[in-house]
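Heads up, the thing below is written out as structure tokens.
Chain A is the first sequence line, chain B the second, and so forth, proteins listed ahead of strands; every chain is numbered from 1.
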Amino acid sequence: MHLLLVDGSGYIFRAFHALPPLNRKSDGLPVGCVQGFCNMLWKLMEDLKGDDEPTHMAVIFDAKGKTFRDDFYPDYKAQRPPAPEELVPQFPLTRSATRAFNIPSIEMEGWEADDIIATYACKARDAGYKVTVVSSDKDLMQLVEPDGSIRLLDTIPRPGQPPLRWIGMDEVFNKFGVTPDKVIDVQALCGDAVDNVPGVPGIGIKTAAELINTYGDLETLLSRATEIKQNARREKLIANAELARISKRLVTLSQDVPVELDLDALARQPVDPGKLFPFLKAMEFATITKRLAGLLGADPEAWEPDPELAVKQSGPIGFNNEARADARAARAVASGKAEAPLILHAAAEHARIKAIPFRPDHYEIIRDAAHLQRWLDAIYMTGYVATDTETTGLDNQTADLVGISFSIAPGTGAYLPLGHTTGQGDIFGGGAAEGQMDSREALGILRPMFADRSILKIFHNAKYDLGLLARYDVAVNSIDDTLLLSYALDGPQYNTMGELADHWLGVPGTSIKELIGTGKTQITFAQVDLEKAARYAAEDSDMTIRLWHVLKPRLAAENMTTVYETLERPLAPVLGRMESRGINVDRQILARLSGDFAQRAAALEAEAYELAGSNFNLGSPKQLGEILFDRMGLEGGTKTKTGAWATGADVLEDLALKGIPLARTIVDWRQLNKLIGTYTNALPEYINQRTGRVHTTYSQHSVLTGRLSSNDPNLQNIPVRTADGRKIRTAFVAAPGKILISADYSQIELRVLAHIADIGALKDAFEEGLDIHAMTASEMFGVPVEGMPSDVRRRAKAINFGIIYGISAFGLANQLAIPRGEAGDYIKTYFERFPGIKDYMEEQRKRVKADGFVTTIFGRKINFPNANSSHAAERSFVERASINAPIQGSAADIIRRAMIRMEGELKRAKIDADMLLQVHDELIFEVPLGTEAEAMVAIKQVMEGAAEPAVRLSVPIQVDAHAAHNWDEAH
DNA sequence: GCAAGGACGTA
DNA sequence: GTACGTCCTTGCA
């Protein structure tokens, strides 16, 4: 018979300092000690086989509250600081873990774990058991038996030491200088600062051992204290005899705790996969789950995560409330009213990480397979890794891989150089630099790690690395992204690694410019000196892991987990694939348009010179203003904020109406010139040599409201409003054998407004499929929809848009070219007809002033740090923006959800369709010719249902889809 | 060579 | 009145 007693509380406290901190991947719940605890439990079962295999087992914990020791010595453990914040949530989880392994979890109020352990150990010893106590607590060393019937076992992982360290007679003697039965006498004399056991002041462990070995035990020593020769020692012992006796009582473990379970009840039970896997999956311990599944011959997929412990998933109905609760909690945090351990935990993590110094000389350069394998082993041990690719350029569709860096903990870092060349600045590139692994071999080694779902890969801007690695056939599963964490938490406030490092870590990141220079003399990263490159690259990963440790716990603390998990992280790979696909652009159509536009622009230019009476640079607003308002002396000119003449299109239109033909000519010239410069001439330059297509880059983290932006080239502002502009869209064509589909949300923002502000009249109109602007006009002006003059509808439309933009009389007057007073009357009438809108606007104004942010219906936060600015114009601006942001942002969230779900749904419906572009309320697809009808049905379904189940909108969502060979006709 | 300002393309 | 990105000129280094 062999009883194994685990000192659960002792393990947690010691493991806390010995193990790397680890948070649950989904929500930042700290679980490092729980994971260490689970590892320890199953390793014990693995290691203690044969003679050492326990027949009985229990895990003992400290209960909350006072113990009997407090009754006679209130200062006992009084100086112990409260448990670290990240430990607190782990206490109950270790109990759950114990039960998950089908092991009794024992704790008793009024007793310390040590007393319960002592009671069971002695009972078992007397019954002839062998006893092992899993602990390294010196207070338990008094239990060790010389014959080995009771031993301690220390299992806290420590670098450079064996995983199991037995503590028997010899080890106790080494520690206390006495046999185990005299340990309490020694402790009574030397005391214990940590537990606030007083002992005899001035007597340390060595003196105590010497005295006890001389006199036999404490009582004998105290009764014969007068015999001691050393004056000081004698006086101290006599003066503090009572303190020594109290100390002995404090350290002596009780052996007669009235335990409820008898020894038989501790007999080992077989592990029950139905208890174990739901727990492990809820904790997201992928590696342990896999190993235990192998050991037990079980399929972990057969069990769902324990719903009590898992990250709360948004249910069909619950989400709206949850999002509101999130928003409430976030407001509480912002106003400092929240009391939440997670907030303190996040703050503590920030302080901890910030205090860890950077040690560039500790970074490693990986030059061979063995070294790479050592890092891989470390990554698998850790379960996560910050990683970053170094390349020859900013465009992941053309750049080449130069190296990869890794970091598994703050202060660690390694750089794996793969594509460095010799010969700095040599345009022929030189040969490969010495001391680099073959990139095919290295990628072959790394591929399984990147694909492994149990290893979390932490990037800063994962979309870039994913798109690049995909070109090297490296698939990446399980990602986190510090850029998107920051965006979910703080919006586009900090963007670059440098800004984040500066703000959160208090260090200026090395600028890439220091390595590659700028302008004409710029080199690529491949040409950077390898040692320098390694320091830069490893530092990048080091900073990424630090930022992750700082930002990830904030997610749970600030209730942004759902936003990050459902709107940010899963979108990045989707966008990455859209960028990789690109879109087919017909070079010849653009060339023909360039010629046509240039010819017409030249004619207009000549006409302008004629009308102006001199040659000047038509592209210069400065020169134009001087000609119009100084030389020609035209009236009514206004100045811009810098004092220059304003010559915008609205000003020129005005002049044209007043009979100044030059103004019209300039307007037309500018339009053509814009089309040439920004589109017909620029776009062909973006056609990728390798793919023959144009690949935009989306920014997921730049827009305040949650929209995407598109750049290099911007494919979200391809002209559509004018006939000439639309011709450019005809150059965006389907590949041979394919056809384009454009699917766009109809009036999505007005529908969202009707839902959020709960406007019955608007909702009814959408429900009945009415012309919403005509309906508005009819309500406002009392004009029947039938036979309504187009100008009346136009005004109503302007007002509807104005509402979405946070209307002002000034702005509406400008838009409609009517007097301010008249515009003000319109707005008044509107608010009278739709009082709910006014309430909504007031609510947002109030919110932004009180909280500094507003939220979308999915819980996304939009920050306005200037909400209480002393500048009136700035304040008004914030008010308008805070009215617009929830509307624009909720619509943006809806299309994000559609995009995230789209690929999976199309695949499920066995529809072959590639999502290529997003233009805020529109998605462009490329599908095989002939399949467009069924594709459109499926696409519409996903888009129209995108808000659900998270939010059940109270207005119908309508999507219009068209298929055609080019984008102009499909739109 | 770079930043700022003006102008203008989109939703 | 909201939210963006790009091109061109201008002015300064």
Side-chain angles (χ1 to χ4, degrees), chain A residues 491-492 513 517-522 616-625 639-652 666-667 669-679 681-683 685-686 696-699 702-722 724-726 728-729 744-745 747-750 753 798-816 820 823 826-827 841 844 862 864 873 876-889 891-892 895 917-922 971:
Chain A
K513 286 180 186 160
T518 58
K520 261 175 138 174
T521 55
Q522 189 170 328
F616 67 102
N617 187 344
L618 293 199
S620 166
K622 186 167 177 275
Q623 292 178 31
L624 177 64
K639 299 275 181 92
T640 66
K641 60 176 183 285
T642 56
W645 289 112
T647 68
D650 49 342
V651 176
L652 296 181
I666 299 285
V667 168
W669 180 89
R670 275 187 182 165
Q671 194 203 18
L672 286 171
N673 227 42
K674 177 80 176 178
L675 297 180
I676 296 167
T678 309
Y679 304 104
N681 280 353
L683 279 173
E685 301 296 316
Y686 284 101
T696 184
T697 302
Y698 288 102
S699 176
S702 296
V703 182
L704 198 64
T705 55
R707 275 191 178 180
L708 304 178
S709 72
S710 157
N711 58 66
D712 299 307
N714 182 353
L715 296 186
Q716 289 181 323
N717 71 344
I718 303 302
V720 71
R721 285 174 192 179
T722 64
D724 278 331
R726 268 202 302 279
I728 290 164
R729 291 204 167 206
D744 69 292
Y745 284 105
Q747 308 281 13
I748 183 79
E749 293 192 347
L750 273 179
L753 172 66
I799 294 168
N800 276 335
F801 275 98
I803 295 295
I804 291 173
Y805 296 154
I807 203 153
S808 75
F810 181 84
L812 184 63
N814 256 342
Q815 174 69 29
L816 290 176
R820 267 267 271 295
Y826 282 180
I827 295 170
M841 292 176 132
Q844 301 310 310
I862 297 135
F864 292 98
S876 308
F877 177 78
V878 168
E879 284 182 12
R880 290 192 298 273
S882 67
I883 288 164
N884 170 259
I887 305 169
Q888 187 183 115
I895 196 168
L917 302 179
Q918 189 250 39
V919 192
H920 308 308
D921 64 359
E922 174 188 16
H971 185 69

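Residue-to-nucleotide contacts include a donor-acceptor pair under 3.5 Å from the side chain of A/Q888 to the base of C/dT2.
Taking 4.5 Å as the limit, some side-chain heavy atom of A/Y679 sits within range of a side-chain heavy atom of A/N717. Within the 4.5 Å cutoff, the side chain of A/I728 has heavy atoms near those of the A/L675 side chain. Side-chain contact between A/L816 and A/Y826 is present, with at least one heavy-atom pair separated by less than 4.5 Å. In this structure the side chain of A/M841 never reaches within 4.5 angstrom of the side chain of A/E879, judged on heavy atoms. Side-chain atoms of A/P492 and A/V703, non-hydrogen and from C-beta on, never get closer than 4.5 Å to each other.
Between A/W669 atom CH2 and B/dA7 atom P there is a gap of 13 Å when expressed in whole angstrom units. In this structure, the NZ atom of A/K639 is 13 Å from the P atom of B/dA7, given to the nearest Å. In this structure, CG of A/D650 is placed 12 Å from C1' of B/dG6, rounded to the nearest angstrom. A straight line from NE2 of A/H920 to C1' of C/dT2 spans 12 Å, rounded to a whole angstrom. A/N717 has its CG atom 14 Å from the P atom of C/dC4, to the nearest Å. In this structure, A/N681 atom CG and C/dC8 atom P are separated by 9 Å, rounded to whole Å. Taking atom CG of residue A/L683 and atom P of nucleotide B/dG9, one finds them 15 Å apart after rounding to whole Å. Atom CG of A/L715 and atom P of B/dA11 are 13 Å apart (whole Å).
Residue-level contact check: A/A892 touches neither bases nor backbone, having no heavy atom under 4.0 Å from any strand. Using a 4.0 Å heavy-atom criterion, one finds that A/A644 contacts no nucleic acid atom at all. A/I803 comes within contact range of no nucleotide atom at all, as no heavy-atom separation falls under 4.0 Å. A/S876 comes within 4.0 angstrom of no nucleic acid atom, judged by non-hydrogen atoms across all strands. Within the 4.0 angstrom heavy-atom criterion, only backbone atoms of the sugar-phosphate kind lie near A/G677; the bases stay farther away. A/A798 comes within 4.0 angstrom of a nucleotide base, judged by non-hydrogen atoms across all strands. Across all strands shown, A/F801 has no heavy atoms under 4.0 Å from either base or sugar-phosphate atoms. Using a 4.0 Å heavy-atom cutoff across all strands shown, A/N673 reaches no nucleic acid atom at all. The residue A/S709 sits close only to the backbone: its heavy atoms come under 4.0 Å of sugar-phosphate atoms, none of a base. Using a 4.0 Å heavy-atom distance criterion, A/I804 is classed as making no nucleic acid contact. Using a 4.0 Å heavy-atom cutoff across all strands shown, A/Q815 reaches at least one base atom of the nucleic acid. Note on A/S699: nothing from the nucleic acid sits closer than 4.0 angstrom, heavy atoms only.
The side chain of A/Q623 approaches C/dT10 more closely than any other nucleotide in the set B/dA11, C/dT10, B/dA7. Closest contact between the side chain of A/A881 and the listed nucleotides C/dA3, B/dG1, C/dG1 involves C/dA3. Considering only the side chain of A/R880, C/dG1 comes nearest among C/dG11, C/dG1, C/dC7. Out of C/dA3, C/dT10, B/dA11, the shortest distance to the side chain of A/S620 is found at C/dT10. Side chain of A/N714, nearest nucleotide from C/dC7, C/dG11, C/dT6: C/dT6. Taking only side-chain atoms of A/P621, from C-beta outward, the nucleotide of B/dG6, C/dG5, C/dA3 with the closest atom is B/dG6.
When the side-chain nitrogen and oxygen atoms of A/K641 are compared with OP1 and OP2 of B/dG6, one or more of them lie within a distance under 4.0 Å. Close to B/dC8, at under 4.0 Å from its OP1 or OP2, lies a side-chain N or O of A/R670.
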